[in-house]
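Below is one structure, written out as structure tokens; comments come after it.
FYI, side chains are in, hydrogens and waters are out, and symmetry mates aren't considered; it's all heavy atoms of this structure. Please read all numbers here as calculations on a predicted model, not as lab measurements.
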Amino acid sequence: MLTAILSAFLGGIILNFMPCVFPVISLKALGLLRHQGSPSGARAEGLAFLAGVVVTMLALAGILLAARATGNAVGWGFQLQSPLVIAILALIILAAAINLLGVFEVGLSLQRVGEIEMGSSSLVRSALTGALAIVVATPCSAPFMASAVGYALVQPPAVSLAIFFSLAVGFAAPFTVVSLFPQLAKHLPRPGAWMDILKRGLAFPMLGAWAWLVWVLAQQAGTAALATILACSVLLSFTAWMYGMAQKRRFSGKPHKVMFAVTLVLFVAVIAPISAIMQPGSPLPDGQAAPTVTQVKWSPQTVAAERGHGKAILVDFTASWCITCQVNQRTTLSTNTVKQALLRTGTVYMVADSTKFNPDIDDVMSEFGQGGLPLYIVYPADGSAPKVLPQVLTPSIVVNALEQASGKKV
């Protein structure tokens, strides 16, 4: 149990550096810079951020454990299997991006750059930032974290909550420690006009996160849901623009002309990430044709039927909302090196898609002690015990595993 608690704490710290968390966690970094000259304000916001992270983590853990207690097979990131949750989260991320671009303000009057007003609204904002960071962090699984979450899901509730609490504390630790000890903040750059530029620049990672969530929603619920979320996004953007104009008239006492270029930038920023996601891989040199690997749809019955018949099996447990899964797919599993290794070793390649809820997948993840995606299992050709590959893959890791499992050299 102590090992799992320590692993969860370390995994929480590492989770800050995962790509799914950066767009939100960078907002907290900007907040710390703004409070560099106010130690008490920085401490208050740091503790509010910690409270938001811990409360949200324990709430998600409680819902997860309650669902499992009633017989539902759910795991880490379970809420992202709901199209409704995905849609709501996408709109929240979009609103945050529009706010960073300065279209409207939340809880603050329009003041000159560098002046920040302390009050209950700033503490609530920090707590909500922590809550949002936890919600968007669930598609990621950091080193040390997966085994700890997998262990937590099969323990009594008190032990499970202790592990999730440690994960939350580790996640909030970097910013909370800096906010509580002002001497550490002295190493941060001084506040200034550059912060307003940085604030607006951080809107584009948020827009990238919005585009990713919209893509996940389209994978889950189809084109009708895609059309709905896009229409809602346009309506939300227009409402935020109107609200921002009302704020500026209120605080300046003069009519304010809003540049329509802001809307154009938003649409360009959305289209660019979507195009990048949908862009096919680069062609092979010298006109060489890419090897074609047949994907077999995973099921427990299919694995049982294929095992022990002289062929190795590679099972890819993935989901559209799992960022690490998508990175591994682009950098390793879809490379020609791995495709050729699959063909030459005669390995059966199975894909277990958990974009939508699948209790059979969760059962296998629990069996192997994994609390979250991705999961890669190699079954040897001779029917011996399977091997679990690391969550972050490289072509050499996969090729070596296939050679050992099949007994053939690539």
request  = Report the C-alpha separation of Leu65 and Leu161 in whole Å, then their side-chain angles, then the decisive distance to 0.1 Å, and conclude whether the side chain to side chain contact (heavy atoms under 4.5 Å, CB included) test is met.
outcome  = CA-CA 9 Å; Leu65 296 176; Leu161 290 176; 4.0 Å; yes
request  = Would you check if there is a donor-acceptor pair between the side chains of Ser179 and Thr176 at a distance under 3.5 Å?
outcome  = no
query = Does a donor on one side chain and an acceptor on the other come within less than 3.5 Å for Ser396 and Thr394?
reply = yes
Can you measure from [atom1] ([X]) to [atom2] ([Y]) and round to the nearest 0.5 angstrom?
X      : Y      : atom1 : atom2 : answer
Ile134 : Leu58  : CD1   : CG    : 9.5 Å
Leu213 : Gln220 : CG    : CD    : 10.0 Å
Phe49  : Phe171 : CZ    : CZ    : 5.5 Å
Ile93  : Ile88  : CD1   : CD1   : 13.0 Å
Ile163 : Ser166 : CD1   : OG    : 8.5 Å
Asp362 : Asn358 : CG    : CG    : 9.0 Å

request  = List the steps, then state whether side chain to side chain contact (heavy atoms under 4.5 Å, CB included) holds for Trp298 with Asp353.
outcome  = CA-CA 8 Å; Trp298 175 90; Asp353 191 351; over 6 Å; no
Thr129 vs Ser126, side-chain hydrogen bond (donor to acceptor under 3.5 Å, both in side chains): CA-CA, chis, key distance, verdict = CA-CA 5 Å; Thr129 301; Ser126 292; 5.8 Å; no
inquiry  = Go through it in stages, so that I can follow the logic: the residues are Phe164 and Ile5, the test is side chain to side chain contact (heavy atoms under 4.5 Å, CB included), and I'd like the CA-CA distance, side-chain angles, deciding distance and then a yes or no.
reply    = CA-CA 8 Å; Phe164 280 108; Ile5 288 175; over 6 Å; no
inquiry  = With a 4.5 Å cut-off on side-chain heavy atoms, are Leu50 and Phe175 touching?
reply    = no
request  = Sorted by first residue and then second, give each disulfide bond (SG atoms under 2.5 Å apart) pair with at least one member in residues 354-384; sequence neighbours left out.
outcome  = none
key: disulfide bond (SG atoms under 2.5 Å apart): pairs with one or both residues in residues 323-364, sequence neighbours excluded   = Cys322-Cys325
task = Sequence neighbours left out, what passes ring-ring contact (aromatic ring centres under 6.0 Å, His included) with Phe368? Give chain and number order.
result = none
